[in-house]
Amino acid sequence: MPLNLLELKALNALELAPRLIGMKLLVGGVGGSIVETEAYLAEDPASHSFRGPRPRNAAMFGPSWHAYVYRSYGLHWCLNIVAEGAGAVLLRAIEPTEGLAEMRARRGSRVSLCNGPGRLAQALGITGAHNGLSLECQPFSIVDRSHAPEISSSTRIGISKATEQPWRFGFAGSRFVSRAFPKPGR
DNA sequence: CTAGGGATTGTCT
DNA sequence: GACAATCCCTAGG
């Protein structure tokens, strides 16, 4: 499906995060279907944009539908999609479908290719050089889903602030997520 | 200027 | 399940 960029660029992080589930993301022809995301809002203590513009988070205050890439724990890269309102959506897992050999080469032939933000970035060849780039241009290629999938949600992973917000989203039932989602409540 | 701590992952026990 | 690896932003003096 072609992208409705006008619609997508107007969404804030909390709206965009579930909207991205099921969309296909390729970087240099390598990638697959997005199955797990997390939303980070500007007024969110867990967000890098919470304390206002800084050199590191400048991309979050730029135009939406651009990449925000940061280094995590000094060694891993993490890829976000900037949303309206100085928020961003962290891409945590994709179901790899294109360029499997290249991903395995970058991942050192490890079994886990794209389940987790650091692994995903490594498998897709993302580095700080991609920070601030528009997702409308090479090497990025994004294709919309044809219909809305069933979405799971849970609290976000690895944060110490605003831990109760259920702002992690996933493709229901996918085995490619970084962590299983709790069963729907009853 | 220095100390503390991550939106993580791989390895070892 | 525990912990090291490793960079750099942030807070505080």
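First the proteins, then the strands, lettered A, B, ... as listed; each starts at 1. The figures that follow rest on heavy atoms only: side chains count, while hydrogens, waters and symmetry mates do not.
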### Query
Side chains of A/Glu84 and A/Leu11: closer than 4.5 Å at any heavy-atom pair?
no
### Query
Out of curiosity, A/Ser154 OG to A/Arg168 CZ, how far, rounded to the nearest 0.5 Å?
4.0 Å
### Query
Just how far is it from atom OG1 of A/Thr155 to atom CZ of A/Phe181, taken to the nearest 0.5 Å?
9.5 Å
### Query
Given side chains that start at C-beta, do those of A/Leu14 and A/Phe169 come closer than 4.5 Å, heavy atoms only?
yes
### Summary
Encoded 5' to 3' (Watson-Crick or G-U under 3.5 Å; [ ] crossing; | other strand), DNA chain B becomes ||||||.|||||.
### Task
Tell me, please, which residues at least two apart from A/Glu98 pass side-chain hydrogen bond (donor to acceptor under 3.5 Å, both in side chains).
A/Lys24
### Summary
side-chain contact (heavy atoms from CB on, under 4.5 Å) filter on A/Arg51, not counting sequence neighbours, yields A/Arg54, A/Lys161
### Query
For A/Arg110 and A/Leu90, take the nucleotide of DNA chain B holding the closest heavy atom to each; which residue's nucleotide lies nearer the 5' end?
A/Leu90
### Message
Give the residues of residues 159-168 of chain A touching DNA chain B, defined as any heavy atom closer than 4.0 Å, sorted by residue number.
### Response
A/Ile159, A/Ser160
#### Entry: Euclidean distance for P, C/dA4 against B/dG4 (whole angstrom)
16 Å
### Query
Closest approach of A/Leu120 and A/Ala93, non-hydrogen atoms and distance?
CD1-N, 3.5 Å
### Message
According to side-chain hydrogen bond (donor to acceptor under 3.5 Å, both in side chains), who are the partners of A/Ser178, at least two apart in sequence or on a separate chain?
### Response
A/Glu36, A/Arg92
### Task
Return each pair, listed once, that meets salt bridge (charged side-chain N to carboxylate O under 4.0 Å, His left out) where at least one residue sits in residues 106-117 of chain A; pairs must be two or more places apart or across chains.
A/Glu102-A/Arg106
### Query
Are the side chains of A/Ile81 and A/Leu20 in touch, meaning some heavy atoms are under 4.5 Å apart?
yes
### Query
Taking protein heavy atoms under 4.0 Å as touching, what does nucleotides 1-10 of chain C look like 5' to 3' if B marks base contact, S marks sugar-phosphate-only contact and - marks none?
----BBB-SS
### Message
With rounding to the closest Å, how many angstrom separate the C1' atoms on C/dC3 and B/dG5?
### Response
15 Å
### Message
Please enumerate all residues that pass ring pair (Phe, Tyr, Trp, His ring centres under 6.0 Å) together with A/His76, with sequence neighbours excluded.
### Response
none
### Summary
Students should find that the hydrophobic cluster of A/Met60, defined by side-chain heavy atoms under 4.5 Å apart, otherwise consists of A/Tyr40, A/Phe61, A/Tyr68, A/Tyr70, A/Val82, A/Leu90, A/Ile159
### Task
Walk along DNA chain B from 5' to 3' and tell me the first and last nucleotide with an atom closer than 4.0 Å to a non-hydrogen atom of chain A.
B/dG6 to B/dT11
### Message
Using the rule given for side chain to side chain contact (heavy atoms under 4.5 Å, CB included), can you reason through A/Ile21 versus A/Thr37, listing the C-alpha separation, both sets of side-chain angles and the distance that settles it, and then say yes or no?
### Response
CA-CA 7 Å; A/Ile21 300 297; A/Thr37 62; 3.8 Å; yes
### Query
Run the side chain to side chain contact (heavy atoms under 4.5 Å, CB included) check on A/Phe171 and A/Ile34 step by step: do they pass?
CA-CA 8 Å; A/Phe171 195 113; A/Ile34 299 172; over 6 Å; no
### Summary
Expected list for residues 114-135 of chain A near DNA chain C, using heavy atoms below 4.0 Å, is none
### Query
For A/Glu43, which residues count as a salt bridge (charged side-chain N to carboxylate O under 4.0 Å, His left out) partner, sequence neighbours excluded?
none
### Query
Expressed as a whole number of Å, how far does the C1' atom of C/dG1 sit from that of B/dA7?
22 Å
